[in-house]
Amino acid sequence: DGGITQSPKYLFRKEGQNVTLSCEQNLNHDAMYWYRQDPGQGLRLIYYSQIVNDFQKGDIAEGYSVSREKKESFPLTVTSAQKNPTAFYLCASAGARYEQFFGPGTRLTVL
Amino acid sequence: AQSVAQPEDQVNVAEGNPLTVKCTYSVSGNPYLFWYVQYPNRGLQFLLKYITGDNLVKGSYGFEAEFNKSQTSFHLKKPSALVSDSALYFCAVRPPDSGNTPLVFGKGTRLSVIA
């Protein structure tokens, strides 16, 4: 988990609320990613960014938004349009060494 | 499009026995292949990767994996399993020369090592 921090560790959302998950890295990596993990479904890509001020949709982007204003930060907003947001959210980053490095995750629960 | 298959949802092995977690892939050209491990409520930890060179790759915690191009496989192995190896294991792939495009992950295999 070293080098990538995610906060908060646990997050609770009421129906109709937007919430923002934080992801910060001090690895000087250009690329950052957001994944969603549900039991038995592996990791599904939400958004990714290969460079500052640019990002692309992944497989399940609907109901989510991101920004990449700084190299070290890639926050994810879960909007009220996301109908089933309860899941474990993982942020990752990658530099020149091919592999992705992951943060410790944020567990989001809808009340 | 590239894909990864982990045919076993669950693998059970006795402590001290060898373990194998299977992975097959589909990608054009020579792939970049990865294995990760995840403990409960934690992020994924990188174990090892195959980029080029020797087909047998050694990684963290005594794990190794063998790249087999003819069988399009990249199975994870360990000669002697420990109870502490019990976790969720993910295989991932990326096409070569694709920059930092996201890894494509398999659905994961849960390994249970029984004392």
Side-chain angles (χ1 to χ4, degrees), chain A residues 1-7 9-10 23 25 27 29-52 54-61 68 71 74 87-109, chain B residues 1-10 21 23 25 27 29-53 57 59-60 63 65 67 74 87-110:
Chain A
D1 298 344
I4 303 177
T5 58
Q6 290 186 242
S7 61
K9 187 173 177 64
Y10 298 97
C23 178
Q25 54 101 358
L27 300 169
H29 286 168
D30 285 320
M32 297 187 74
Y33 316 83
W34 274 105
Y35 292 89
R36 169 178 170 147
Q37 185 176 22
D38 296 280
Q41 293 198 42
L43 276 68
R44 293 185 288 169
L45 181 68
I46 305 173
Y47 270 97
Y48 68 102
S49 167
Q50 292 181 289
I51 197 168
V52 175
D54 188 43
F55 49 82
Q56 288 79 42
K57 292 181 178 180
D59 301 320
I60 56 165
R68 187 83 189 278
K71 188 175 186 178
F74 191 40
F88 191 50
Y89 290 86
L90 289 161
C91 179
S93 69
R97 289 181 55 190
Y98 308 106
E99 63 266 34
Q100 292 176 187
F101 294 87
F102 282 81
T106 292
R107 186 165 297 282
L108 174 63
T109 303
Chain B
Q2 61 269 24
S3 65
V4 172
Q6 293 182 242
E8 300 157 317
D9 291 335
Q10 173 97 26
V21 183
C23 172
Y25 65 88
V27 68
N30 292 320
Y32 297 159
L33 294 158
F34 307 83
W35 275 103
Y36 287 82
V37 61
Q38 185 183 32
Y39 296 98
N41 295 311
R42 302 289 299 277
L44 275 66
Q45 295 179 31
F46 170 73
L47 280 177
L48 52 78
K49 65 185 175 190
Y50 172 82
I51 303 300
T52 188
V57 178
S60 305
F63 285 95
F67 171 61
F74 189 56
L88 188 57
Y89 290 81
F90 289 98
C91 181
V93 67
R94 178 192 284 148
D97 301 322
S98 59
N100 273 328
T101 56
L103 301 185
V104 175
F105 287 85
K107 290 194 172 185
T109 297
R110 187 165 301 281

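First the proteins, then the strands, lettered A, B, ... as listed; each starts at 1. All values below were derived from every heavy atom in this structure, side-chain atoms included, with hydrogens, water molecules and symmetry-related copies excluded.
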So which part of [X] gets closer than 4.5 Å to some heavy atom of chain B, the side chain, the backbone, both or neither?
{"X": "A:Q37", "result": "side chain"}
{"X": "A:Y98", "result": "both"}
{"X": "A:Q50", "result": "side chain"}

Can you say whether B:N41 sits under 4.5 Å from chain A via the side chain, the backbone, both, or neither, judging by heavy atoms?
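Both backbone and side chain.
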Portion of B:Q6 that has a non-hydrogen atom of chain A nearer than 4.5 angstrom:
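For B:Q6, neither part sits under 4.5 Å from chain A.
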Taking the six-membered ring for Trp, are A:W34 and A:Y89 parallel (under 30°), tilted (30 to 60°) or perpendicular (over 60°)?
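Rings of A:W34 and A:Y89: perpendicular, over 60°.
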So B:F105 and B:Y36, would you call those rings parallel, tilted or perpendicular, with 30° and 60° as cut-offs?
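Because their plane-to-plane angle lies in the 30° to 60° range, the rings of B:F105 and B:Y36 count as tilted.
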May I have all residue pairs that pass salt bridge (charged side-chain N to carboxylate O under 4.0 Å, His left out) and include part of residues 99-108 of chain B, sequence neighbours excluded?
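As it turns out, there is no salt bridge (charged side-chain N to carboxylate O under 4.0 Å, His left out) pair with a partner in residues 99-108 of chain B once direct neighbours are skipped.
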A:F101 vs A:H29, side-chain contact (heavy atoms from CB on, under 4.5 Å): CA-CA, chis, key distance, verdict:
CA-CA 10 Å; A:F101 294 87; A:H29 286 168; 3.5 Å; yes
Check the pair A:Q100, A:Y48 against side-chain hydrogen bond (donor to acceptor under 3.5 Å, both in side chains), reporting the backbone distance first and the verdict last.
CA-CA 12 Å; A:Q100 292 176 187; A:Y48 68 102; over 6 Å; no
Looking at A:G95, A:G58, A:A92, which one has more heavy-atom pairs under 4.5 Å with chain B than the rest?
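The option with the most such pairs is A:G95.
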